[in-house]
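Worksheet for the structure shown next.
Just so we're on the same page: letters track the sequence lines, and every chain starts at 1.
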Protein chains: 2
Amino acid sequence: MSEDPSGAGDGAPARPARRPNVKDVAALAGVSWKTVSNVVNGTAPVRDSTRERVQRAIDELGYRPNAAGRNLRQGRSRLLALAIPEIRLAYFADLAHAVILAAKAHGYTVLIDETFAEPGHEQVVAEGFRVDLLDGVIFSPQALADSDLVAAGGRLPMVMLGEATLPVDGGTAAADHVVIDNVASAREATEHLIASGRRRIGFLGVRATETNGTGVLRHAGYKAALEAHGLPVEAFPAPAYSRPGGAEVVGALLDRFTGPDALDGLVCANDFLAIGAMHVLRAAGLRVPDDVAVLGWDGTEDGIYSNPTLTTVAPDLSALAELAVDLVLARVGGSTATPQVHTVGHRLIVRESTV
Amino acid sequence: MSEDPSGAGDGAPARPARRPNVKDVAALAGVSWKTVSNVVNGTAPVRDSTRERVQRAIDELGYRPNAAGRNLRQGRSRLLALAIPEIRLAYFADLAHAVILAAKAHGYTVLIDETFAEPGHEQVVAEGFRVDLLDGVIFSPQALADSDLVAAGGRLPMVMLGEATLPVDGGTAAADHVVIDNVASAREATEHLIASGRRRIGFLGVRATETNGTGVLRHAGYKAALEAHGLPVEAFPAPAYSRPGGAEVVGALLDRFTGPDALDGLVCANDFLAIGAMHVLRAAGLRVPDDVAVLGWDGTEDGIYSNPTLTTVAPDLSALAELAVDLVLARVGGSTATPQVHTVGHRLIVRESTV
DNA sequence: CACACAACTTCTAACGTTGAATACAGTGAT
DNA sequence: ATCACTGTATTCAACGTTAGAAGTTGTGTG
């Protein structure tokens with residue numbers, strides 16, 4: 001009916017055909033558009049009276065500097081990506097939350113890229129995923145081995161989470177890494193089980209394909225603790241660090257929970273494995289923690305509301321996220337410091353599953 | 001030591017000082033930059049041999065069209081935002097996952113905005129959050145009432161999830177809405193409890209502040225089912241649709257689960273409330289489902305691995321996400337169709353908690 | 001040989017922004 | 001009255017891309 005092509009309502013001010021730009025503001029304020037820019041960015045001194053006049057024009061038109069123009073001019077987008085296997089996994093949702101907050105504190109916006117742990121997609125990320133759009137990437141790789149990253153020429157500032165992409169020989173890292181002390185935390189967690197009287201403790205979550213990943217390191221700490229007490233070591237691989245993964249492995253392992261050498265403790269490489277494991281154990285008529293003690297990693301909220309509640313190693317996620325954002329933004333700012341491995345804190349939260 | 005300011009390694013090709021642009025590609029391929037543009041965008045016909053030559057140059061230089069330049073020229077960023085209360089809540093993580101996939105199918109990238117259900121921040125989103133950067137927004141509001149949205153002039157294509165921002169009087173919606181049939185699904189779920197012999201069924205999750213929100217509609221369906229059977233209605237408010245929220249409410253309500261009129265069923269407005277409720281019920285020595293049947297909404301994976309496993313109403317999330325993306329992109333493309341309310345499917349998944 | 005047509009080039013312009021350089025006015029000193 | 005200086009404000013140019021128009025080849029057709 002109306003001739004207004006914008007389709008906006010009647011009562012409200014009609015949607016302008018074109019978003020206002022600096023020139024519109026300048027025209028309304030009666031100054032040059034550069035002065036408007038100066039007011040917006042504080043680039044050059046502007047007289048108070050002029051500033052007020054410009055500000056009034058900005059408010060009246062609802063002017064917001066166009067991001068594309070600004071990005072083009074400045075060569076920066078103030079956009080970071082967080083590349084993770086899958087946002088549905090609680091740990092990564094927690095991580096994303098922490099990273100979004102940390103980035104916002106620096107005026108940065110975060111966009112989530114799900115890799116689904118596919119080597120192909122992870123390789124794409126490593127090689128400079130959306131280098132046309134992003135200022136930097138925070139990358140939590142899963143399938144990528146240490147050697148892969150070195151091959152990719154660092155086209156885009158990148159920070160790695162976890163040790164997976166570190167050279168096994170201890171050589172120079174290709175990018176900054178942020179990690180928790182997996183060996184120490186695994187030792188702590190295992191010591192906790194031993195202290196509560198467990199003697200036959202299994203480890204769930206070794207991975208054949210990993211050379212330097214989370215699972216390997218946690219397994220190493222677990223092994224060190226048991227060997228220090230002269231106790232037997234028994235490790236099982238997991239296809240995926242997920243609830244179904246944990247359920248599957250433990251399901252195929254149920255006969256190891258009966259007989260004279262029955263397992264009475266299970267160190268799981270993360271909370272999901274532990275919850276999947278507990279689910280199957282319960283279905284098989286085994287009691288947690290009475291028959292088997294179970295613990296995991298990540299400190300996800302699931303462990304607070306699981307039945308029984310779950311003992312877990314919780315990384316200091318906000319510290320991790322802030323550090324990762326600081327490091328990647330330092331590179332964006334031009335830093336060429338030698339990449340390093342940074343360790344953030346963790347703590348063991350003891351709950352019902354290991355009482 | 002090296003004079004190379006890029007800081008790149010030695011073996012790998014040094015990071016170029018400047019990212020290649022169309023002119024660099026054109027020079028290498030021996031064609032005009034316009035031809036490169038034509039190859040990249042398919043704007044005009046190009047001979048196969050030429051196309052190949054250009055493609056080789058693109059690959060060799062690792063050329064990727066600069067997003068800022070392209071956005072500026074085309075007036076579109078191919079960026080959508082998904083505004084949700086909090087990514088850590090499993091339902092929203094599932095939703096984000098579905099939206100990311102749906103958007104990717106259209107060449108769009110998604111950026112997550114967490115509103116924390118703060119009215120202030122939700123208002124900002126409604127008024128055209130990052131209109132300078134985004135092509136559109138998919139918005140799952142929590143605190144926003146129906147009237148608020150109308151006031152905001154639609155500066156940015158927006159699709160709303162859920163009924164919260166619909167006018168109560170059934171008037172014209174200010175934007176497209178995508179919903180599930182909350183009344184019908186609540187009736188189904190409640191009928192399921194009645195069919196399994198429950199007679200004293202409570203509802204968890206009404207909200208005083210809502211006029212047209214999810215909780216109100218699910219309560220209406222619940223009420224309709226009970227009244228159809230002449231059974232008593234008993235509803236309780238929840239401070240937040242979270243596990244702690246569910247735990248808190250049920251914790252203060254434990255005496256309603258003993259005595260002659262003891263509740264033997266609990267319809268919870270979402271899975272989180274249900275899991276929090278089950279947690280407290282168990283701690284108080286009550287058995288689910290023996291003493292109390294419990295169910296929720298959202299179909300989150302938590303309900304598969306909870307103890308007991310949880311009966312839930314699962315929305316068809318991929319349909320919901322695809323529809324939302326289609327609708328918002330239609331607006332981006334210039335559609336001025338009258339906003340409508342679109343309903344997607346759901347199904348009741350029966351598990352242990354209501355056997 | 002004129003003509004149509006395809007493939008490509010050249011040229012112009014514009015998207016909105018901001019750094020660098022420059023112009024301008026007003027003040028105070030010489 | 002001239003000059004230097006300071007505080008403001010302005011003009012210029014460029015970021016990388018693409019749309020459009022007009023011109024230039026080369027090839028094949030009538």
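Checking D/dT10, C/dA7, C/dA13 against every side-chain atom of A/V31, the shortest atom distance belongs to D/dT10. Which of C/dT12, D/dA9, C/dC8 sits closest to the side chain of B/W33 comes down to C/dT12. Nearest to the side-chain atoms of B/T43 among the listed nucleotides D/dT8, D/dA19, C/dG16 stands D/dA19. When distances run from any side-chain atom of A/N21 to the nucleotides D/dT17, C/dG16, D/dT8, the shortest one goes to C/dG16. Among D/dT17, D/dA9, D/dT8, the nucleotide with an atom closest to any side-chain atom of A/T35 is D/dA9.
The main-chain N or O of B/T43 is never found under 3.5 Å from a side-chain atom of B/N41 such that the two would form a donor-acceptor pair. Although no hydrogens or angles enter the test, the distance criterion places a donor-acceptor pair under 3.5 Å between the side chain of B/S77 and the main chain of B/L133.
Rounded to whole Å, the distance from CG on A/N66 to C1' on C/dG16 is 6 Å. Spacing between atom CZ of B/R73 and atom C1' of C/dC15 amounts to 6 Å, rounded to whole angstrom units. Rounded to an integer number of Å, the gap from CZ of A/R76 to P of C/dG16 is 22 Å. The interatomic distance linking A/L72 (CG) with C/dC15 (P) rounds to 14 Å, in whole Å. Atom NZ of A/K23 is separated from atom C1' of C/dT18 by 13 Å (rounded to the nearest Å). Summarising the geometry, the separation between CG on A/D24 and C1' on C/dC15 is reported as 13 Å, rounded to the nearest angstrom. One interatomic measurement links the two molecules: CG of A/D48 to C1' of D/dG7, which rounds to 13 Å at whole-angstrom precision.
Contact check on A/R19 versus B/D132 returns no salt bridge, with no Lys/Arg side-chain nitrogen under 4.0 Å from an Asp/Glu carboxylate oxygen.
The shortest distance between the side-chain N/O atoms of A/S37 and the OP1/OP2 oxygens of C/dT18 is below 4.0 Å. An OP1 or OP2 oxygen of C/dC8 is reached within less than 4.0 angstrom by a side-chain nitrogen or oxygen of B/R47. OP1 or OP2 of C/dC8 has not a single side-chain nitrogen or oxygen of B/S32 nearer than 4.0 Å.
When each of B/G30 and B/Q74 is assigned the nucleotide of DNA chain C bearing its nearest heavy atom, the one mapping closer to the 5' terminus is B/G30. When the nearest nucleotides of DNA chain D are assigned to B/A68 and B/K34 by heavy-atom distance, the more 5′-ward of the two goes with B/A68.
Across all their heavy atoms, B/K104 and A/E114 have their closest contact at NZ-O, 4.3 Å.
Residues A/T165 and A/H177 meet the side-chain proximity criterion, which asks for heavy atoms closer than 4.5 Å.
Residue A/N41 is classed as a sugar-phosphate contact, given heavy-atom separations below 4.0 Å to backbone atoms only. Contact annotation for A/N38: base contact, defined as any heavy-atom pair under 4.0 Å involving a base atom.
Scanning atom types as modelled, no donor and acceptor separated by under 3.5 angstrom connect the side chain of A/R70 and the base of C/dT17.
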